[in-house]
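Note that the numbering runs from 1 along the sequence shown for the chain. Note that the coordinates shown come from a computational prediction; the quantities given were computed from them, not determined experimentally.
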Amino acid sequence: MRCPKCGSRDDKVIDSRQSRDSSSIRRRRECLKCKYRFTTYEEIERSDLRVVKRDRTHEPFDRRKLAASIAKAFEKRSTSLLTLEDTVDEIVHELETSGREVPSSVIGAKVLDKLRGIDEVAYLRYASVYQQFQDVDQFVDAIHTLGRRVKSNALQKELFPPEAPQNLAPGSHNISTIKKHGRV
C-alpha cells in the first residue's frame with residue numbers, strides 16, 4: 001500500500017478489524033519510512049453486477065450512487081445513519097443474489113419498498129424522482145395510496161386478537177371459547 005504522505009510502499013499493519021456487517025476489513029497501517037499512520041479498507045470486489053438503464057444502456061452497479069440517492073430522500077429527516085446503511089446493505093445483498101444484470105426499475109422498486117416501511121416522506125421524495133412525477137396530481141395520488149395502506153403499530157393492541165387454544169378438562173366449558181367474535 002502506498003503511503004498517502006510520502007508515497008513509500010513499505011508499511012506494516014498495526015490493527016485489523018471486521019466491519020459491523022462483516023463485508024469489509026478495516027486495517028490500520030503505519031508507513032515504515034515516515035511513521036505516518038493511515039487506514040485502509042478491504043472488501044470483495046463485485047464488478048460483475050451491471051445495471052440496465054431505462055434507455056437500455058448498461059453501466060456497472062455503483063453502491064455509492066444508490067446510497068447517495070437514498071440519503072437524499074432522507075435529507076433533514078430524523079432517521080439514523082445506521083438505518084440508512086442497513087437499508088443500502090439489504091438492497092445490495094438482494095441485488096447481488098438476483099443475477100448479473102439488474103434493470104434500474106428493479107432497483108427503484110426495491111428502494112421504494114424499503115422506504116415505504118421506514119419513512120413515508122422519504123418514500124414520496126424518492127418516488128417523485130424515480131417515477132418522474134410531472135404534476136401535483138401524481139403527488140396527491142401517491143399520498144392517497146399511502147393513506148389507504150394498513151399500518152402496523154407496535155404500541156396499539158389488536159382489537160380482536162387471535163384466540164390461543166386452551167387446554168380444558170373434559171366436560172368443562174369456557175364461555176370465551178363458545179362465543180366467536182368475527183373481525184370487523
Side-chain heavy atoms of Ile25 within contact of Arg17, under 4.5 Å: no
For the student: nearest non-hydrogen atoms of Phe38 and Cys31, plus distance: CE2-N, 4.3 Å
Rounded distance (nearest 0.5 Å) linking atom CG of Leu66 with atom CD1 of Ile107: 7.0 Å
Straight-line distance of Thr79 OG1 to Leu115 CG, nearest 0.5 Å: 9.5 Å
Tyr36 side chain near Pro4 side chain, heavy-atom distance below 4.5 Å: yes
Pair Asp10-Lys33, side chain to side chain contact (heavy atoms under 4.5 Å, CB included): steps then yes or no: CA-CA 7 Å; Asp10 295 325; Lys33 185 176 179 184; over 6 Å; no
Sidechain-backbone polar pair: Thr57 side chain, Lys53 backbone, donor-acceptor under 3.5 Å: no
Side chains of Ser104 and Arg54 in contact at under 4.5 Å (non-hydrogen atoms): yes
Shortest non-hydrogen separation from Val88 to Ala67 and the atoms involved: CG2-CA, 3.9 Å
Salt bridge (charged side-chain N to carboxylate O under 4.0 Å, His left out) contacts touching residues 71-81 (sequence neighbours left out): Lys72-Glu75, Arg77-Asp119
Gap separating the NZ atom of Lys110 from the CG atom of Asp113, nearest 0.5 angstrom: 8.5 Å
Spatial distance of atom CZ (Arg116) from atom OH (Tyr123) [nearest 0.5 Å]: 4.0 Å
Leu32 with Val13, same ILVMFWY side-chain cluster at under 4.5 Å: no
Hydrophobic cluster identity match, Val52 and Val106, side-chain contacts under 4.5 Å: no
From Arg2, Arg37, Arg29, residue fulfilling side-chain hydrogen bond (donor to acceptor under 3.5 Å, both in side chains) relative to Asp11: Arg29
Flag for Thr40-Arg27: side-chain donor and acceptor within less than 3.5 Å: no
Joint hydrophobic cluster, Leu81 plus Phe74, side-chain heavy atoms closer than 4.5 Å: yes
Point-to-point distance, once rounded to the nearest 0.5 Å, from CZ of Arg63 to CG of Leu95: 10.5 Å
Atom of Thr83, atom of Ser80 and distance for their closest heavy-atom approach: OG1-OG, 2.8 Å
Electrostatic pair Glu59-Lys65, nearest N-O below 4.0 angstrom: yes
SB check Glu90 Lys114 (cutoff 4.0 Å): yes
Spacing of OH belonging to Tyr126 relative to CD1 belonging to Ile70, to within rounding of 0.5 Å: 6.5 Å
